[in-house]
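Quick notes on the structure that follows.
Chain A is the first sequence line, chain B the second, and so forth, proteins listed ahead of strands; every chain is numbered from 1. All values below were derived from every heavy atom in this structure, side-chain atoms included, with hydrogens, water molecules and symmetry-related copies excluded.
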There are 2 protein chains.
Amino acid sequence: MAMKRAATSVIRTVCGPVVADPLPISRSLHASPGSKKIVGVFYKANEYASMNPNFVGCVENALGIREWLESKGHQYIVTDDKEGPDCELEKHIPDLHVLISTPFHPAYVTAERIKKAKNLQLLLTAGVGSDHIDLQAAAAAGLTVAEVTGSNVVSVAEDELMRILILVRNFLPGYHQVISGDWNVAGIAHRAYDLEGKTVGTFGAGRIGKLLLQRLKPFNCNLLYHDRLKMDPEMEAQTGAKFEEDLDAMLSKCDIVVINTPLTEKTRGIFDKERIAKLKKGVLIVNNARGAIMDTQAVVDACSSGQIGGYSGDVWYPQPAPKDHPWRYMPNQAMTPHISGTTIDAQLRYAAGTKDMLDRYFRGEDFPAQNYIVKEGIVASQYL
Amino acid sequence: MAMKRAATSVIRTVCGPVVADPLPISRSLHASPGSKKIVGVFYKANEYASMNPNFVGCVENALGIREWLESKGHQYIVTDDKEGPDCELEKHIPDLHVLISTPFHPAYVTAERIKKAKNLQLLLTAGVGSDHIDLQAAAAAGLTVAEVTGSNVVSVAEDELMRILILVRNFLPGYHQVISGDWNVAGIAHRAYDLEGKTVGTFGAGRIGKLLLQRLKPFNCNLLYHDRLKMDPEMEAQTGAKFEEDLDAMLSKCDIVVINTPLTEKTRGIFDKERIAKLKKGVLIVNNARGAIMDTQAVVDACSSGQIGGYSGDVWYPQPAPKDHPWRYMPNQAMTPHISGTTIDAQLRYAAGTKDMLDRYFRGEDFPAQNYIVKEGIVASQYL
């Protein structure tokens with residue numbers, strides 16, 4: 001696979017900001033072959049790093065590929081220090097060839113950073129979801145952006161089903177009673193329900209949405225999905241889920257809404273005050289997709305008023321969520337940091353997938369087709 | 001259905017304590033027809049009682065059958081005050097005909113209370129699980145004990161799957177980070193796993209166990225079960241679960257153990273120090289069956305040492321759990337008060353089932369066969 005930095009004139013034309021500040025000629029050179037500088041940005045594990053030999057997704061264990069990379073003569077810098085002008089990542093921006101990051105502790109790759117990164121060829125996401133990268137700027141610069149598609153879809157789908165149950169069954173008030181020495185069944189039971197018989201709709205029925213629907217099937221719910229495309233008839237028959245062409249028509253029927261759509265310019269802030277007001281009173285929302293799909297304050301207000309009966313997810317904007325992020329303190333939330341896709345099982349899969357893409361990159365071979373988000377300057381259609 | 005108080009001589013012979021202190025002749029009389037005194041023991045809802053019109057399982061809403069009972073000329077006393085010699089329940093023991101209780105706030109029906117309850121004919125459990133009743137003493141006194149079999153099995157099975165996921169995915173440390181202003185993905189991820197591929201065994205594959213196995217099926221686990229009887233081949237094929245004749249042989253293979261067996265003299269304390277020591281290191285245990293199946297302190301010690309990696313359930317001994325119950329404070333627990341079978345949906349079902357049995361009782365008709373725990377002095381075989 002040739003890693004071109006040269007942006008085509010077509011892309012330059014459609015990408016306003018980049019065109020407004022054209023790239024210098026030197027950025028259009030192919031990278032020299034041979035040794036590469038690879039930077040990985042992961043979360044730090046500190047005392048946890050040594051607790052599990054398979055805990056490869058952290059800075060300390062660095063996807064378990066250091067020995068392999070160094071044996072091939074490449075340089076491998078790993079850090080969790082990714083923000084601000086003096087951070088460790090910033091120091092390596094000017095001469096790195098490959099930047100690896102994860103959605104759990106994302107290195108935000110802005111147009112400005114891309115401009116500074118004169119040797120950059122490849123942006124890899126160890127995991128799924130590359131919205132921490134300015135894809136238009138990456139495309140305009142002729143870069144390739146790829147993920148380990150599928151590496152943690154099962155992990156996320158399982159986590160979504162857990163969150164649905166935590167909300168429907170009203171788990172957390174019971175747990176709080178336990179640790180605070182109380183016992184008040186009524187305080188839990190008056191708003192605890194079975195999942196059976198409820199209407200569950202997924203906004204987005206890609207890989208994760210489909211896996212969720214399969215796992216929901218034996219719960220005897222009324223399953224709905226909205227997506228750009230209808231699923232194939234076999235999957236529809238298997239899950240019993242009904243296609244809803246109109247998003248709002250689906251949402252108004254749902255007791256439980258699960259968000260499984262990528263963050264794009266179309267979905268950013270799509271759950272705003274107006275849309276939330278049109279949902280069923282007391283609706284439960286699970287969002288492991290991206291925090292910015294929601295209007296932050298609208299979610300807080302609706303949880304406070306009871307319009308949203310429960311909100312659970314592992315995604316925030318920004319990440320890490322600051323100490324004063326209002327979702328931490330709103331009622332009926334069942335939030336966690338961004339963890340659903342970084343189980344030990346998922347880490348082993350996305351570490352292997354990242355290594356595979358690096359290996360192909362060194363050999364000049366193509367990646368598995370489904371992994372591309374931007375291929376040599378062309379953005380995959382679903383991100384346009 | 002004739003409600004006999006007369007214990008047969010056979011039962012008198014096998015029940016030591018009752019034989020040692022034989023019942024007076026007056027206890028052997030059939031209850032007079034006509035108006036009955038019915039006492040219901042439920043949990044109090046206080047301010048929650050009016051929050052949901054379907055919240056029928058509490059003292060205040062009294063299964064929603066007061067009007068119906070009173071219109072038929074019966075007396076209906078409802079209380080949550082069930083412990084000690086001066087409690088409200090104790091006052092009514094001498095002349096009640098029917099006692100209704102639930103597993104969530106059980107009225108413990110001891111041999112002593114049965115002895116005092118000279119008019120008692122029928123003990124109904126609004127829900128499933130009648131181990132709060134001394135069944136041998138009830139049988140010896142010729143009573144009938146019945147539950148609303150099946151009324152909350154779906155509710156409990158759903159809750160078990162939630163708890164499995166909460167433990168496997170290490171949900172609670174993430175939630176604690178959120179509410180305490182932290183963000184440390186590694187502190188969660190180093191022991192978070194996918195459920196996929198793990199070995200899950202249920203001790204007991206009755207109604208709840210089977211529903212759990214059906215719901216686990218799409219998670220692609222290795223499913224095992226131990227029970228007195230093999231499931232029918234169709235259910236085995238549907239769930240893919242393998243029968244394990246020997247309990248300990250199954251337990252030693254399990255990453256996750258779910259307890260779905262009733263509390264009997266055989267299962268009381270069966271998870272003691274020795275049995276827990278033989279489980280896989282770091283095993284996860286979900287127990288929504290009964291607290292007394294576990295040796296309380298052995299569970300605490302194993303959670304502290306890491307032998308048990310996580311313990312979740314809604315059952316305790318005794319209930320309500322006292323403020324100093326050690327399960328409240330042991331590490332890696334995901335406990336709640338006893339709630340899994342008292343969702344709003346379950347309440348509506350067990351209230352309807354209780355009403356149905358009362359109606360049949362008034363008419364002298366038999367109950368649905370599966371509801372009997374003790375039928376006119378004979379204990380159902382699985383409780384012997």
Chain B heavy atoms under 4.5 Å from His325(A): which part of the residue, side chain, backbone, both or neither? neither

CG of Leu284(A) to CD1 of Ile166(A), rounded to nearest 0.5 Å, is 12.0 Å

Residue Tyr317(B) excluded, over 12 heavy atoms near OH under 6.0 Å: no

In this structure, CG of Leu161(B) is separated from CD of Glu158(A) (nearest 0.5 Å) by 9.5 Å

Tell me if a side-chain donor or acceptor on Asp314(B) pairs with a main-chain N or O of Ile339(B) at a distance below 3.5 Å. yes

What residues of residues 40-52 of chain A sit under 4.5 Å from chain B when only non-hydrogen atoms are counted? Tyr43(A), Lys44(A), Ala45(A), Tyr48(A), Met51(A), Asn52(A)

Arg169(A) and Thr336(B): side-chain donor and acceptor closer than 3.5 Å? no

Chain A contact via Ile344(B) - which portion, at a heavy-atom distance below 4.5 Å: both

With a 4.5 angstrom heavy-atom cut-off, is it the side chain or the backbone of Tyr329(A) that approaches chain B, or both, or neither? side chain

Side chain / backbone / both / neither for Asn152(B) at chain A, heavy atoms under 4.5 Å: neither

Under 4.5 Å from a heavy atom of chain A, the part of His105(B) involved: neither

State, without any angle test, whether Asn61(B) and Gln347(B) hold a side-chain donor-acceptor pair at a distance under 3.5 Å. no

Do Asp345(A) and Glu196(B) come within less than 4.5 Å of each other through their side chains, counting heavy atoms only? no

If you measure only the distance, is there a donor-acceptor pair under 3.5 Å linking the side chains of Arg349(B) and Ser155(B)? yes

Whether the Tyr350(A) and Thr342(A) side chains hold a donor-acceptor pair (N or O, under 3.5 Å, no angle test) is what I'd like checked. yes

Measure from the side-chain N and O atoms of Arg163(B) to the backbone N and O of Ala334(B), and report whether any donor-acceptor pair falls under 3.5 Å. yes

Chi angles and distances behind the side chain to side chain contact (heavy atoms under 4.5 Å, CB included) call for Ile256(B), Tyr193(B): CA-CA 12 Å; Ile256(B) 300 146; Tyr193(B) 291 88; over 6 Å; no

Residues of residues 212-219 of chain A with any heavy atom under 4.5 Å of a heavy atom in chain B: Gln214(A), Arg215(A), Pro218(A), Phe219(A)

Tell me whether the rings of Trp327(B) and Trp316(B) are parallel (<30°), tilted (30 to 60°) or perpendicular (>60°). tilted

